[in-house]
Trainee: 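Pasting a structure here, questions to come.
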There are 2 protein chains.
Amino acid sequence: MPINIFTDYPLSWRPDRSRLKRPYYQSLVEQMKGAIESGHLLPDTKLPPQRELADFLDIGFATVTRAYKLSQQRGLTYGVVGRGTYVAKNLKFMQTISRNNAHNIRELGFNASFEANNYLIRSTVEEVSSQTNLVELLNYDEPIGLAKHRLIASRYMDQIGMTMNKENTMIVSGGQNALSIILLSLFNSGDKIAVDKFTYANFIELARLRGIELIPINDDSEGMSAVDLEQQCRLKNIKGIYLMPDYGNPTTITISEQRRQLLAQLIQRYKLILIEDDYLNFLNLYRQTPLTKMSNLVPEQSIYVCSMSKSLISGLRVGFIRTANQFRHSIENAIFNVNVKTSALDAAIVTRALQNGVASKIMQQKLNAVTKVNAIFDQIFDNQPTVNDYHFFRAVPVNSQFSGNQIEQTLLQNGIRVFHSDKFLVGSADRTAFLRVSLTSLDNGDELADTLIDLKAILIQNQFLI
Amino acid sequence: MPINIFTDYPLSWRPDRSRLKRPYYQSLVEQMKGAIESGHLLPDTKLPPQRELADFLDIGFATVTRAYKLSQQRGLTYGVVGRGTYVAKNLKFMQTISRNNAHNIRELGFNASFEANNYLIRSTVEEVSSQTNLVELLNYDEPIGLAKHRLIASRYMDQIGMTMNKENTMIVSGGQNALSIILLSLFNSGDKIAVDKFTYANFIELARLRGIELIPINDDSEGMSAVDLEQQCRLKNIKGIYLMPDYGNPTTITISEQRRQLLAQLIQRYKLILIEDDYLNFLNLYRQTPLTKMSNLVPEQSIYVCSMSKSLISGLRVGFIRTANQFRHSIENAIFNVNVKTSALDAAIVTRALQNGVASKIMQQKLNAVTKVNAIFDQIFDNQPTVNDYHFFRAVPVNSQFSGNQIEQTLLQNGIRVFHSDKFLVGSADRTAFLRVSLTSLDNGDELADTLIDLKAILIQNQFLI
DNA sequence: TAATTTGTTCGTAGACATTTC
DNA sequence: GGAAATGTCTACGAACAAATT
């Protein structure tokens, strides 16, 4: 018999005691899910403290812990020690960012890659398809890629400054595919991976699917904070770290050389598995002083992911990876289990393009395009012109009083799609808020300029800008 | 202070008490892993009962439960209620079956698909690559496949007898890729899926990677036992079921029409998610009376997987799926998260081949080849000739006294690679044992015949045969 | 068939760390 | 800067279910 009567006690959520069936913790999550889906529990609502809810329901408090933990794994809530447990923000189950093809919407959300140059690859496709050895591309052999393709892949990685683990070069079906493979093979459900507080949304979703817990780390203008990372490592038994050291998505931050050294030391000290996502790798061919690849600093603990989607052709789904020796077998195994193999035809086209000069041409054109769109952006948003720096998207700070959804919806009603930083947020709310404005989807410079001007006007008009 | 002295007590494994650090359960698994890897604990060794080990270590028995459970998730052990916990059989971490390319080995292990006919696709590749609309294949659009490709895919599935869920047709990067996507999106770590006691090895490995528990169900000559399935469902909160209804791998069993009905009823009653793997789908074009697709019997609960690897070209990595409405969104999301998209170029080639007659030609040739190799097998192994039935591999019963490894190694020393049924075994050991003899990798009929004759001789010589 | 052995599930409490006030 | 609030991790015992004898 409960001793306390909570009938009037102000709990933000009062599960129905009578509907509580064994197992309690599952039943509790069911009720919570219902309350969230029906709108009774709104995003960011603070749930009752575990001990209070336990008293109210007359069950052990660790049972509530368990329910809250499960709800967190399902993406329904997030908890902060000392503060409380809250209903998750956006996560309406499908957080993934993909292109919106509605025709009346101007797309500044999806981050594409200047697809107008894609036609340049045609000659290479024809070259490969008329080759005599087409047949060797069409069987089950060589799950990690043909030796000759891997050699070319490896040379490309050398060029962009990745010097280690050459012998462990493999071909996968794009960068996102590489991340799936890595998360499946090197991590277990419940493992923890450190990430930037604002992280690539598709990685967040993939981690959620995999049941991996992401630990958000704060950052500053030089990138992820080494101090915060160290603190979390001491505390939390973190197994891996996911980084986009160059042109971080969505922050646009490139980690400084000094910070790379600090982070690398921590990665070694705490034996983290480093996942280095170098999704804009081709830009290293043009930077005057490319920064050190993190993977070169911790070659025994890293997997380096080199997608060709942004650098060359997004539709062919080819990426390269280099893994530390210790991961080689597991990764090979997972490649076979997820893909069987990557289409060797696609790999042949990509590697041929890297050899016959077509890739260079496409990359150069992308570079020109990216330079141009950044100039447009800088002009409209009154920034200092960026020099020797090539962002595919930019971050526009906005007032954090407004919810991400509110801003996105307002803009959408005005025919513009952008993503608010909330979409990339790991864990609890943050004081800083910004819009990620993609410069890559509108291939026509004039249309981009018009759209950016409209964007700015709407932001000012609604007092979203700060 | 422990009261009992176990110094002489016969425990099959005596973890070092002094090395036991907190958290105990993890530390225990570490020690176990070490003992297994160093060979101190051999496969199938019975571990001490949880309560005994707990007494020995002077810790709570539920802590041992937890350690055993974790070790099971890692694939190190398996437990049977009432019997005990055992060190896992083969699982030397990489169970996956892929082709062995050593040149002195005759391959009867890997299950390929008569690759000699692959050259026929060349004209189609050239046709597609010289098309004018190549560019539309090369961008980020349409993660689940271009509408026109999906239409052709859908028509093909109609032809092979899959009539439901037409509107939910999607393109993925092959059958194995489909399985990854399904396991990632519709299941969580710790969920249970019912499978045949002998199941496709790559599915076992994928489930292990994903942290899904497979529940083995017994079968008979008509396929999976409905009685056993029902019993396990009553007991175990099973969430899904994985079936290869036609030409089950490795059993070669095709589920009878009647059994399909029974299983479908159970799938409905227990609300299971059906994963139907129709990996030899093209054979339905030639069977006189194709059996009902299970997915048609439970269209609201199924995902139907139609790989084109075996049916057409293994190297292009294209497969089709049809999902129940309720799974559509989750699957779409996972497709994007695992693949971003399937190479539309590959999809274009495959769908074009389905239209221009090349696919028919390849399939007909595969049919001829498969008929021929089955006749060779029947003759050498003195079977009744199989009529109107087209196995890519055959099951040869062997004496279960010998370990799978022993038989495989003996054959390998004689230059022949085959797989023992142990490789496909889910959970505990079984009385029945057989070799899966693949008929697909040796394209030359004479070489196959010679190899089968040698195989038979070696089996007899070593008294492996029964 | 009943008793025993053994693994599994679940609820619970203690110890601890962080955040807030 | 200390106390209170709060979430997290881990160990454990009771109840249960299956297999064996």
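A, B, ... follow the sequence lines: proteins, then strands. Residue 1 opens every chain.
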Trainee: Look only at the side chain of D228(A) and the backbone of N218(A), and say whether a donor-acceptor pair between them is shorter than 3.5 Å.
Mentor: yes

Trainee: Whole angstroms only, please: what is the CD-P distance between Q231(B) and dA19(D)?
Mentor: 7 Å

Trainee: Establish, from distance only, whether the side-chain atoms of T77(B) and S71(B) form a donor-acceptor pair under 3.5 Å.
Mentor: yes

Trainee: For the pair made of CZ in F61(B) and C1' in dA11(D), what is the distance, rounded to whole Å?
Mentor: 12 Å

Trainee: Using 4.0 Å as the upper bound for N to carboxylate O, is an ion pair formed by E30(B) and R19(B)?
Mentor: no

Trainee: Under 4.0 Å from OP1 or OP2 of dA5(D): is there any side-chain N or O of Q50(A) that close?
Mentor: no

Trainee: Mapping I59(A) and K69(B) onto DNA chain C by nearest heavy atom, which one lands closer to the 5' end?
Mentor: K69(B)

Trainee: If we ignore hydrogens and angles and just use 3.5 Å, is the side chain of S12(B) paired with the main-chain N or O of K46(B) as donor and acceptor?
Mentor: yes

Trainee: Between atom CG in L70(B) and atom C1' in dA11(D), what is the gap in whole Å?
Mentor: 15 Å

Trainee: Within the structure, does a side-chain N or O atom of T85(A) lie under 4.0 Å from either OP1 or OP2 of dG7(D)?
Mentor: yes

Trainee: Would the distance check show the side chain of Q232(A) and the main-chain N or O of I215(A) forming a donor-acceptor pair, the cut-off being under 3.5 Å?
Mentor: no

Trainee: If I take atom CD1 in residue I238(A) and atom P in nucleotide dC9(D), what distance separates them, rounded to the nearest angstrom?
Mentor: 11 Å

Trainee: Do any side-chain nitrogens or oxygens of Y25(B) fall under 4.0 Å of OP1 or OP2 in dT10(D)?
Mentor: yes

Trainee: Considering only NZ, NE, NH1 and NH2 on the basic side and carboxylate oxygens on the acidic side, decide whether D58(A) and R17(A) come within less than 4.0 Å.
Mentor: no

Trainee: Please tell me which of the listed nucleotides, dT10(D), dC16(D), dG7(D), lies nearest to the side chain of P49(A)?
Mentor: dG7(D)

Trainee: Between atom CG in N218(B) and atom P in dA19(D), what is the gap in whole Å?
Mentor: 11 Å

Trainee: Would one find a side-chain N or O of K192(A) under 4.0 angstrom from OP1 or OP2 of dC9(D)?
Mentor: yes

Trainee: Five pairs at each end of the helix from dA2(C)-dT21(D) to dC21(C)-dG2(D): take the axis at both ends and give me the angle between them to 10°.
Mentor: 0°

Trainee: Assign each of G82(A) and Q26(A) to its nearest nucleotide of DNA chain C by heavy atoms, then name whichever residue's nucleotide is nearer the 5' end.
Mentor: Q26(A)

Trainee: Between E52(B) (side chain) and L11(B) (backbone), is there a donor-acceptor pair under 3.5 Å?
Mentor: no

Trainee: May I ask you to say what Q72(B) touches in the nucleic acid, namely base, sugar-phosphate or nothing, with a heavy-atom cut-off under 4.0 Å?
Mentor: sugar-phosphate

Trainee: Would you kindly give the OH-to-P distance between Y86(B) and dT20(D), to the nearest whole Å?
Mentor: 8 Å

Trainee: With distance as the sole test, does Q50(B) use its side chain to make a donor-acceptor pair with the main-chain N or O of V64(B) at under 3.5 Å?
Mentor: no

Trainee: Of all nucleotides in DNA chain C that come within under 4.0 Å of a heavy atom of chain B, which is furthest toward the 5' end and which toward the 3' end?
Mentor: dT5(C) to dT9(C)

Trainee: State whether R259(A) and D220(A) are salt-bridged, where the test is any N-O pair (Lys NZ or Arg NE/NH1/NH2 against Asp/Glu carboxylate O) under 4.0 Å.
Mentor: yes

